[in-house]
Amino acid sequence: METFILELGKGFAFMERQKRMIIDEEDFYLDLLFYNRNLKRLVAIELKIGKFEAGFKGQMDLYLKWLNKHERQEGEKEPIGLILCAETNKEQVELLEMHKDKIMVAEYWTEMPPKKGVGKEAPPTFNRSQREN
């Protein structure tokens, strides 16, 4: 997964896996932390094996606020977050207005779509059950 994310574009630097954050004497762990030189900001990534849940926003928002307070250096912009899920709930993401909090949600596939679907969204005939088989 780290290699895939690094291939998203130039300027990504891997910083840490399972970034430990202590908040109110409780341990929290961010899955992956990157820095993007072009964006000049930290990029927090959470990997979820299931469908998107509204609570993921609160978790990521907490992580971003902690990173902004404790890890952001002078001259850097506020951190952004990416939640990668096996399946998104587009209406929930839209209603939560996650983009306003600098949080994006994306769906990952465990298998590549058929060749005719590469470079586009999955064709209507290519559904989740086909990806899992």
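Residue numbers count from 1 along this sequence. These numbers were taken from a predicted model, which means no experiment stands behind them.
- At a threshold of 4.5 Å between non-hydrogen side-chain atoms, the residues Leu32 and Met15 do not count as touching.
- Taking hydrophobic clusters as Ile, Leu, Val, Met, Phe, Trp and Tyr residues chained together by side-chain heavy-atom distances below 4.5 Å, Leu67 shares a cluster with Phe28.
- You'll find the side chain of Glu71 reaches within 4.5 Å of the side chain of Trp66, heavy atoms only.
- Connection of Met104 to Leu95 is not established within any shared hydrophobic cluster, with ILVMFWY side chains joined at heavy-atom distances below 4.5 Å, either directly or through further cluster members.
- Applying the salt bridge (charged side-chain N to carboxylate O under 4.0 Å, His left out) test to pairs two or more places apart or on separate chains, those with a residue in residues 75-85 are Glu78-Lys102.
- Under the ring-ring contact (aromatic ring centres under 6.0 Å, His included) criterion, the residue pairs touching residues 38-59 are Phe52-Phe56, with sequence neighbours excluded.
- Glu53 has its side chain out of reach of Gln92: every pair of non-hydrogen atoms, C-beta onward, lies at least 4.5 Å apart.
- When the salt bridge (charged side-chain N to carboxylate O under 4.0 Å, His left out) test is applied to Lys100, the partners found at least two apart in sequence or on another chain are Glu97.
- Atoms CD and CG, on Gln59 and Leu30 in that order, are 8.5 Å from each other to the nearest 0.5 Å.
- Leu39 is not connected to Leu33 by any chain of hydrophobic side-chain contacts under 4.5 Å among Ile, Leu, Val, Met, Phe, Trp and Tyr, and they are in different clusters.
- The nearest pair of heavy atoms linking Cys85 to Gly50 is CB-O, 3.6 Å.
- Checked against Phe34 for a side chain to side chain contact (heavy atoms under 4.5 Å, CB included), the options Leu42, Leu82, Ile45 give a single hit: Ile45.
- Met98 and Met60 end up in the same hydrophobic cluster when Ile, Leu, Val, Met, Phe, Trp and Tyr side chains are linked at under 4.5 Å.
- Remark: Arg20 pairs with Ile22, Asp27, Tyr29 by the side chain to side chain contact (heavy atoms under 4.5 Å, CB included) rule, at least two apart or across chains.
- Applying the salt bridge (charged side-chain N to carboxylate O under 4.0 Å, His left out) test to every pair with at least one member in residues 30-46, sequence neighbours left out, gives these pairs: Glu46-Lys48.
- Partners of Glu91 by side-chain hydrogen bond (donor to acceptor under 3.5 Å, both in side chains), not counting sequence neighbours: none found.
- By the rule that hydrophobic residues join a cluster once side-chain heavy atoms approach within less than 4.5 Å of another member, Leu47 and Val93 end up as members of separate clusters.
- Here the closest heavy-atom approach between residue Leu96 and residue Lys57 is recorded as O-NZ, 3.2 Å.
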| Residue pair Ile80, Ile103: steps toward the side chain to side chain contact (heavy atoms under 4.5 Å, CB included) verdict | CA-CA 6 Å; Ile80 58 173; Ile103 300 171; over 6 Å; no
